[in-house]
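Let me begin by presenting the structure, written as structure tokens, before commenting on it.
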Amino acid sequence: MKVPVLETERLLLRPLSLEDAEEIFQNWTSDPEVARFMRWNTHQSVEDTREWLRSELDDPLSPSCYDWGFVCKTDGRLIGSGGLVFQEQKGMYELGYNLMKKYWNQGLATEAAREIVRYALEDLGQTQLFCCHAKENPASGRVMEKAGFVYQQDGEYSKLDNSRHFETKEYILNCL
């Protein structure tokens with residue numbers, strides 16, 4: 001299996017599956033506040049979430065994308081997702097994550113990000129990682145800094161459908 005199960009003190013990071021669609025939709029992809037700064041738009045139906053999962057699961061042997069679902073150990077809920085996507089233009093993997101609103105501000109995104117970074121460095125042998133956040137979302141920047149990333153420059157990104165554009169802060173993690 002390409003995407004291994006990872007574990008932190010409070011989270012189990014496991015591969016996502018189509019069977020997770022309903023829980024994912026209920027817990028975060030249907031929440032406009034979670035989607036606000038993401039590249040994806042709020043999912044309007046569980047079928048939107050299934051379509052996203054299908055696209056993520058299409059090529060399980062592709063080395064360009066590693067996605068995990070974040071399961072809270074205390075209650076067994078699937079509370080978020082994140083992972084690594086190889087960005088050709090940067091020549092490195094980009095870290096991304098999102099979390100169900102009920103679990104914000106508890107250090108769980110940082111915990112997941114640190115474990116994904118550990119996996120990228122130790123298991124994938126990466127020496128650099130990239131990530132960015134909308135300037136309007138400084139909480140995500142704090143997660144990045146706590147995971148070892150250092151601010152490099154301003155940038156921009158858009159929603160996948162180009163409905164909204166964001167000014168961003170871009171970060172690099174260097175282990176050279």
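Values reported hereafter were calculated over all heavy atoms of this structure, with side chains retained and with hydrogens, waters and symmetry mates removed.
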**Item:** For the student: nearest non-hydrogen atoms of F70 and G82, plus distance
**Value:** CZ-N, 3.4 Å
**Asked** Does the K169 side chain pair with the main chain of Q153, one donor and one acceptor, at a distance under 3.5 Å?
**Response** no
**Request:** Would you check, one step at a time, whether the test side-chain contact (heavy atoms from CB on, under 4.5 Å) holds for D67 with V3?
**Result:** CA-CA 7 Å; D67 282 316; V3 179; 5.8 Å; no
**Asked** Below 4.0 angstrom, N of the basic side chain to O of the carboxylate: do R36 and E33 qualify?
**Response** no
**Item:** Geometric class of the F166/Y157 ring pair [parallel <30°, tilted 30-60°, perpendicular >60°]
**Value:** tilted
**Fill in**
E111 and L11 have their tightest heavy-atom pair at OE2-N, 3.6 Å
**Complete:** Rounded to the nearest 0.5 angstrom, the CD1-CD distance for I79 and E23 is 10.0 Å
**Request:** Indicate the atoms forming the closest heavy-atom contact of L6 with R118, along with that distance.
**Result:** CD2-NH2, 3.8 Å
**Item:** For the student: nearest non-hydrogen atoms of L95 and F149, plus distance
**Value:** CD2-CE1, 3.7 Å
**Closest contact, heavy atoms only, N98 versus W40** = OD1-CZ2, 4.0 Å
**Message:** If you apply the rule side-chain contact (heavy atoms from CB on, under 4.5 Å), what do you find for S81 with L16, and how did you get there?
**Reply:** CA-CA 8 Å; S81 64; L16 293 169; 4.1 Å; yes
**Request:** Check for a donor-acceptor pair, side chain of Q44 on one end and backbone N or O of T42 on the other, with a separation under 3.5 Å.
**Result:** yes
**Request:** Look only at the side chain of W104 and the backbone of L99, and say whether a donor-acceptor pair between them is shorter than 3.5 Å.
**Result:** yes
**Message:** Working note: C175 + Q126, criterion side-chain contact (heavy atoms from CB on, under 4.5 Å); need CA distance, chi angles, decisive distance, verdict.
**Reply:** CA-CA 8 Å; C175 290; Q126 299 302 297; over 6 Å; no
**Item:** Backbone of T110 reached by a side-chain donor or acceptor of Y97 within 3.5 Å
**Value:** no
**Message:** If we ignore hydrogens and angles and just use 3.5 Å, is the side chain of W68 paired with the main-chain N or O of P4 as donor and acceptor?
**Reply:** yes
**Prompt:** Under a 4.5 Å cut-off applied to non-hydrogen side-chain atoms, are L129 and M92 in contact?
**Reply:** no
**Item:** D31 side-chain N/O to M100 backbone N/O, donor-acceptor pair under 3.5 Å
**Value:** no
**Request:** Run the numbers on L173 and L121 for side-chain contact (heavy atoms from CB on, under 4.5 Å), then give the verdict.
**Result:** CA-CA 10 Å; L173 186 144; L121 300 177; 4.0 Å; yes
**Prompt:** Side chains of H43 and S30: do they bring a donor and an acceptor to under 3.5 Å?
**Reply:** no
**Fill in**
Scanning both residues in full, the closest heavy-atom pair of Y103 with C72 reads CE2-SG, 4.1 Å
**Side-chain donor or acceptor of K102 paired with backbone N/O of N27 under 3.5 Å** = no
**Euclidean distance, R50 CZ relative to E19 CD, rounded to 0.5 Å** = 10.0 Å
**Complete:** Between the CD atom in E167 and the CD atom in E156, the distance rounded to the nearest 0.5 Å is 8.0 Å
**Request:** Assess the side chains of S45 and E47: does a donor N or O sit below 3.5 Å from an acceptor N or O?
**Result:** no
**Message:** Given 3.5 Å as the limit, does a donor-acceptor pair link the side chain of T168 with the main chain of G155, or not?
**Reply:** yes
**Message:** Between Y66 and D123, do the side chains contain a donor N or O and an acceptor N or O under 3.5 Å apart?
**Reply:** no
**Request:** Give, for atom CD1 of I24 and atom CD of Q26, the distance between the pair rounded to the nearest 0.5 Å.
**Result:** 11.5 Å
**Donor + acceptor pair across side chains of Q152, E170 (<3.5 Å)** = no
